[in-house]
Amino acid sequence: MDLFDYMSENKKEKEAPLASRMRPVILEDVVGQQHIVGRDKLLYRAIKADKLSSVIFYGPPGTGKTTLAKVIANTTSAVFTQINATSAGKKDMEEVVKEAKNNLGMYGNKTILFVDEIHRFNKSQQDYLLPFVEDGTIVLIGATTENPFFEVNGALLSRSQLFELKPLSSDDVKILIKRALTDKDRGMGVYNAVIDDDALSFLAGAAAGDARNALNAVEIGVLTTEPSDDGVIHITLDVASECIQKKVLKYDKKGDNHYDTISAFIKSMRGSDPDAAVYYLARMIDAGEEPAFIARRIMICAAEDVSNADPNALVVATSASLAVERLGMPEGRIVLAQAAAYVACAPKSNSAISAIDKAMNAAADEPAAPIPAHLRDAHYSGAAKLGRGTAYKYAHEYEKNYVEQQYLPDEYAGVQFYCPSENGYEREQQRYLAWIKEKLEAH
């Protein structure tokens, strides 16, 4: 690199966006992702020992995929090369491989190739890299926001260690914002700016786990806000809201409006009104409510208010919770709407909550009610002598897989805790239990 190249790179680094300038240089400065970069974790140990094998970083935008690649670049003794799959072609890869062979053959140095947005490579481009990854010519670091099991060739994936990055927590984002405002070398420390607590909390939440969003807003806020009479730039809630282009939460998450809205949402699903359910869902999303919180309420409603009238409601709600976690927002709004509408339209029953509450009361009243001897564990020496399990009747050995047998303790023999309704699938359960009752009465 000559003097002009050095000056150009130095200028580019200084003029880079705040989110880029604030990327950690060493592993200890990485915020979040402790499930993979904690001190006792495999990735941490591999980076520290400079023994990294090919890896794929998978996760939403702004969670630190490129950051980890840069930390590796600063830590490793290997030659580090970066390309972006959106603009790189086969010729670029051929040049990288050629240089890697030279470095390995002439100097014994490995080459780490970081491919950002690797899912953008087509199958033939990914196939080209495969033999060089396999023979150790290059160590591949791939970064993708898409599910690698769908977007990365199976052969390449099987030769790489997969690490999934999670959205950063609000506390993680707060740490990064504070660091950026006080860092005088790479951050905004020279501007003498402070951020109000409510603005800090708002930006951390509005970023939705994406550190880049928060830092971009901080940079815009500092550069476009005039200092106050005290000479300090104050990042207020209004400034933060304008900079991140997201509405301020319209209610305090601990206030009445918060509880009123979620209450109306749940009662609308319980009352089988999908239009109202989706409307209150939209209000919560618009106000900046946590998607995970909304998803939990839908799951509770599916179990409490739909129950076995439609067992699939809980499956849909649980899958929606997982999908929102994987997708993030704004796409997650579609998943939440689907689940809320499904639960609202499902036949209703509170049989499960009635059953467990009644059973919990009974268990509390008689915590030591003896379990019938024929139901007790018989898989130990001497169990038979004590009569444990010896008289048990295996239901599958009888007609229609049913045999008359007492399962409840004597104190509760004949008590019915679970009473299925006549709604949806529970009607079938009710018929089955009625058939059993008829058999018992016939005897």
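Scope of the values below: all heavy atoms of this structure, side chains included, with no hydrogens, waters or symmetry mates. Keep in mind that this is a model prediction, so the values were computed, not measured.
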- Message: Under a 3.5 Å distance rule, please check whether Arg297 uses its side chain to pair with a backbone N or O of Ser263 as donor and acceptor.
- Response: no
- Message: Side chains of Leu181 and Val194, heavy atoms from C-beta outward: is any pair under 4.5 Å?
- Response: no
- Nearest non-hydrogen partners of Thr76 and Ala78, listed with the distance: OG1-N, 3.0 Å
- Query: Just checking, any donor-acceptor pair under 3.5 angstrom between side chains of Asn102 and Tyr107?
  - Reply: no
- Task: Compare all side-chain heavy atoms of Leu52 with those of Thr75 and state whether any distance is below 4.5 angstrom.
- Result: no
- With the side chain counted from C-beta on, respond yes when Phe80 and Gln82 share a heavy-atom pair under 4.5 Å apart, and no when they do not. yes
- Query: Do Asn312 and Tyr425 have side-chain N/O donor and acceptor atoms under 3.5 Å apart?
  - Reply: no
- Message: I'd like to check Glu325 versus Lys166 (side-chain heavy atoms, cut-off strictly below 4.5 Å). Are they in contact?
- Response: yes
- How about Tyr418 and Glu426: do any of their side-chain heavy atoms sit closer than 4.5 Å? yes
- Message: Distance check, rounded to the nearest 0.5 Å: Leu43 atom CG versus Leu68 atom CG?
- Response: 6.5 Å
- Message: Filter on salt bridge (charged side-chain N to carboxylate O under 4.0 Å, His left out), then keep only pairs touching residues 189-218, sequence neighbours left out; what's left?
- Response: none
- Query: Can Glu290 and Arg296 be counted as an ion pair, charged N to O under 4.0 angstrom?
  - Reply: no
- Taking Asp50 for its side chain and Ser77 for its backbone only, find out whether a donor-acceptor pair lies under 3.5 Å. yes
- Message: Between Ser349 and Asn423, do the side chains contain a donor N or O and an acceptor N or O under 3.5 Å apart?
- Response: no
- Task: For the residue pair Tyr58 and Glu146, confirm or rule out a side-chain donor-acceptor distance under 3.5 Å.
- Result: no
- Would you say the side-chain atoms of Asp273 pair up with the backbone N or O of Met269, donor to acceptor, closer than 3.5 Å? no
- Message: If only side-chain N and O atoms count, and only distance matters, is there a donor-acceptor pair under 3.5 Å linking Lys41 with Gln34?
- Response: no
- Item | Any donor-acceptor N/O pair, Arg159 side chain to Ala155 backbone, under 3.5 Å | yes
- Do Asn153 and Asp127 have side-chain N/O donor and acceptor atoms under 3.5 Å apart? yes
- Just wondering, do Met93 and Phe121 contact through their side chains at under 4.5 Å, heavy atoms? yes
- Message: Side chains of Glu117 and Thr86: any donor to acceptor distance under 3.5 Å?
- Response: no
- Query: Is the closest side-chain heavy-atom distance between Ile244 and Leu203 below 4.5 Å?
  - Reply: yes
- Approximate separation, where rounding is to 0.5 Å, of Gln161 CD and Leu42 CG: 5.5 Å
- Query: Step by step, would you call Gln416 with Lys358 a side chain to side chain donor-acceptor pair (under 3.5 Å)?
  - Reply: CA-CA 9 Å; Gln416 185 175 4; Lys358 189 175 180 181; over 6 Å; no
- Task: Taking all non-hydrogen atoms of both residues into account, name the closest pair between Ala344 and Ala277 and its distance.
- Result: CB-CB, 4.4 Å
- Hey, is the main chain of Leu200 close enough, under 3.5 Å, to the side chain of Lys178 for a donor-acceptor pair? no
- Message: Under a plain distance cut-off of 3.5 Å, with no hydrogens placed, do Ser307 and Ser351 share a side-chain donor-acceptor pair?
- Response: yes
- Decide yes or no for Ile141 and Phe57: does some side-chain heavy atom of the first lie under 4.5 Å from some side-chain heavy atom of the second? yes
- Is it true that a side-chain atom of Thr63 and a backbone atom of Pro60 form a donor plus acceptor pair closer than 3.5 Å? yes
- Taking Gln126 for the side chain and Glu151 for the main chain, is one N or O donor matched with an acceptor at less than 3.5 Å? yes
- Task: Say whether, by atom type as modelled, one donor and one acceptor occur between the side chain of Lys65 and the main chain of Gly59 under 3.5 angstrom.
- Result: yes
- Message: Restricting to non-hydrogen atoms, name the atom on Asp172 and the atom on Gly32 that form the minimum distance, rounded to 0.1 Å.
- Response: OD2-CA, 3.6 Å
- Item | Glu219 side chain vs Leu18 backbone, donor-acceptor pair below 3.5 Å | yes
- Item | No-hydrogen, no-angle side-chain donor-acceptor test under 3.5 Å, Lys348 and Ser272 | yes
- Task: Hey, could you give me the CG/CG distance between Leu113 and Asp92, rounded to the nearest 0.5 Å?
- Result: 10.5 Å
- Query: Should Arg431 and Glu428 count as an ion pair when the cut-off is N to O under 4.0 Å?
  - Reply: yes
- Query: Any sub-3.5 Å donor-acceptor pair from Asp357's side-chain atoms to Ser354's backbone N or O?
  - Reply: no
- Query: What is the distance from atom CZ of Arg23 to atom CG of Leu176, rounded to the nearest 0.5 Å?
  - Reply: 12.0 Å
- Using only heavy-atom distances, determine whether the side chains of Asp171 and Ser169 contain a donor-acceptor pair under 3.5 Å. no
